[in-house]
Amino acid sequence: MSFSPPLPAPIARYFAANPSFDVEGMLAPFAADAVVVDERQTRTGTDELRAWITEATVGVKAISTPVSATQEDDRHIVVANVAGDFPGSPVPLTFRFQLAGEEISHLEIV
């Protein structure tokens, strides 16, 4: 799916790696000290983010399909339908990204 304007490259890479459950591909766009807040838990840094992707994505075969994208100040907001092996699937979730240069520095999923 294409958006106008297009998703910033790091965000596009994150979503592109998801359908193949490519943990390292999903992790690559994040800064080494990036923070992710998901399901009221905060994870920081490469090791914690790798464990989060392995558990929250690969573990339940969750595939996030972006359906809309907007920008509010320094946040890139992507709404995605997330489907997988979990109760209530599929669900719409909002991904709020912040970038630092060409890396994702912060992601909150609600």
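The model shown is predicted, which means the values in this text are computed figures rather than measured ones.
Side-chain atoms of Leu7 and His76, non-hydrogen and from C-beta on, never get closer than 4.5 Å to each other. Residues Pro10 and Glu103 form no side-chain contact, since every pair of their non-hydrogen atoms from C-beta on lies 4.5 Å or further apart. Taking 4.5 Å as the limit, every side-chain heavy atom of Met26 sits out of range of all side-chain heavy atoms of Leu49.
Residues Ala17 and Gly25 share a closest heavy-atom pair of CB-C, 3.5 Å. Taking all atoms of both residues into account, the shortest heavy-atom contact from Arg43 to Asp38 is NH1-O, 3.4 Å. What you find for Ala83 and Ser89 is that their closest heavy atoms are CA-OG, 3.3 Å.
Using cut-offs of 30° and 60° for the angle between ring planes, the Tyr14 and Phe97 rings count as perpendicular.
For the atom pair Leu107 CG and Phe95 CZ, the distance stands at 7.0 Å (nearest 0.5 Å). A distance of 11.5 Å separates CZ of Arg75 from OG1 of Thr70, quoted to the nearest 0.5 Å. Here the CZ atom belonging to Arg96 is positioned 10.5 Å from the NE2 atom belonging to His106, to the nearest 0.5 angstrom.
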Determine, step by step, whether Leu99 and Ile11 satisfy the side chain to side chain contact (heavy atoms under 4.5 Å, CB included) criterion, reporting the C-alpha distance in whole Å, the side-chain angles of both residues, the deciding distance to 0.1 Å, and the verdict. CA-CA 9 Å; Leu99 302 178; Ile11 297 171; 4.2 Å; yes
Take Phe21 and Ile63 through the side chain to side chain contact (heavy atoms under 4.5 Å, CB included) test and state the conclusion after the steps. CA-CA 8 Å; Phe21 304 115; Ile63 296 176; 3.8 Å; yes
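Distance alone, capped at 3.5 Å, is enough to place a donor-acceptor pair between the Glu48 side chain and the Thr44 backbone.
Under the 4.5 Å side-chain heavy-atom criterion for grouping Ile, Leu, Val, Met, Phe, Trp and Tyr, Val37 is not connected to Val82 through any hydrophobic cluster. If you chain together hydrophobic residues whose side chains sit under 4.5 Å apart, Ile109 and Val78 fall into the same group. Cluster membership check: Val91 does not share its hydrophobic cluster with Ile77, using side-chain heavy-atom separations under 4.5 Å among Ile, Leu, Val, Met, Phe, Trp and Tyr. Residues Val35 and Leu93 do not share a hydrophobic cluster, clusters being chains of Ile/Leu/Val/Met/Phe/Trp/Tyr side chains in contact below 4.5 Å. Residues Val58 and Leu27 share a single hydrophobic cluster, defined by chaining ILVMFWY side chains whose heavy atoms lie under 4.5 Å apart.
For residues 17-37, the pairs satisfying side chain to side chain donor-acceptor pair (under 3.5 Å) are Glu24-Arg50, with sequence neighbours left out.
For Glu39, the salt bridge (charged side-chain N to carboxylate O under 4.0 Å, His left out) test picks out no residue, with sequence neighbours left out.
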